[in-house]
Amino acid sequence: MTNARGRLPLVNAFGQRFQPFDNKQSGNSGVGRESKRKLVTIMKRHSSAVFLMELTLVILFFSLSAVVTLRLFVTAHQQEQQSALRSDALELAEDAAEQFHAQGAAFFDSADGWSSTPLEQGGTVYSWDGSDLLLEVFLQQEDTGAGALESGEVRITGSEKSVSRGQVLCSLPVGRYIPKEAGGI
């Protein structure tokens with residue numbers, strides 16, 4: 001059952017004998033070339049399909065990478081804006097606390113854009129609305145025998161126009177003691 005070369009004949013799944021391609025056979029040279037062309041055509045089709053699949057996967061990978069990167073940039077931008085807003089809020093709160101300590105309640109003049117609202121439990125709220133920040137100063141005055149103690153809190157919140165609407169960005173306690181003037185000695 002071996003062929004001329006001493007090998008077992010190749011048989012396909014249906015039991016049919018398979019003749020391997022042999023260029024040396026003069027009678028099969030045309031069939032071999034045609035088979036070879038078909039094989040090359042099939043390989044070209046197959047390789048172009050594989051190439052297209054690889055190209056599709058590369059495009060998918062880069063588009064997903066672009067989406068993730070874009071999302072990271074947006075998040076970083078939002079964090080940068082929030083950080084800048086908090087920094088501005090702290091600077092504004094420190095400035096208001098220093099001005100209050102130096103001038104007292106006279107600093108909160110309505111001519112400078114401050115509005116005042118009396119509180120039911122005593123004290124006053126002074127408000128100033130900036131472009132992105134709302135500055136509120138809650139003050140109470142306690143009279144003592146030797147003078148008056150003004151105390152309260154400077155609170156900065158995000159205004160309606162800002163990214164952090166209504167969120168408390170900064171809060172500082174303030175206090176100022178005003179001694180009574182000594183009688184004419």
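The minimum heavy-atom distance linking Asp143 with Ala148 is given by the pair OD1-CB, 3.5 Å. Nearest heavy atom pair, residue Gly158 against residue Leu169, reads N-CD1, 4.1 Å. In terms of heavy atoms, Leu172 sits closest to Glu94 at CD1-N, 3.7 Å. Residues Leu60 and Ser63 come closest through the heavy atom pair O-OG, 2.8 Å. Nearest approach of Tyr126 to Ala105, heavy atoms of both residues: OH-CB, 4.0 Å.
Expressed to the nearest 0.5 Å, how far CG of Asp129 lies from CG of Leu134 amounts to 5.0 Å. Leu70 CG to Leu72 CG: the interatomic distance, rounded to the nearest 0.5 Å, is 9.0 Å. Between Glu98 atom CD and Phe107 atom CZ the span is 10.5 Å, to the nearest 0.5 Å.
His77 places none of its side-chain heavy atoms less than 4.5 Å from the side chain of Gln82. Contact check for Asp95 versus Gln99: side-chain heavy atoms found under the 4.5 Å cut-off. Side-chain contact between Tyr177 and Thr144: present, with at least one pair of heavy atoms (C-beta onward) separated by less than 4.5 Å. In this structure the side chain of Glu136 reaches within 4.5 angstrom of the side chain of Phe138, judged on heavy atoms. Contact check for Arg155 versus Val168: side-chain heavy atoms found under the 4.5 Å cut-off.
Under the rule for a salt bridge (Lys or Arg N to Asp or Glu O under 4.0 Å), the partners of Glu150 that lie at least two apart in sequence or sit in another chain are Arg176.
No more than 12 heavy atoms of other residues, nucleotides or ligands lie within 6.0 Å of CD in Glu120, so this atom counts as exposed by the packing criterion. Sparse packing is recorded around CD of Glu91, with 12 or fewer heavy atoms of other residues, nucleotides or ligands lying under 6.0 Å away.
Classification of the Phe108-Trp114 ring pair by plane angle, with boundaries at 30° and 60°, yields perpendicular.
For Ser65 (side chain) and Phe61 (main-chain N/O), a donor-acceptor pair under 3.5 Å exists by modelled atom type.
When each of Leu139, Thr124, Val125, Asp109 is tested with Ser116 by the rule side-chain contact (heavy atoms from CB on, under 4.5 Å), just one qualifies, namely Thr124.
Checking Glu153 against Ser171 by side-chain atom types alone, a donor-acceptor pair falls below 3.5 Å.
Hydrophobic clustering, with ILVMFWY side chains joined whenever heavy atoms are under 4.5 angstrom apart, groups Leu92 together with Leu85. Linking ILVMFWY residues whenever their side-chain heavy atoms come closer than 4.5 Å, directly or via other members, places Leu133 and Leu135 in the same cluster.
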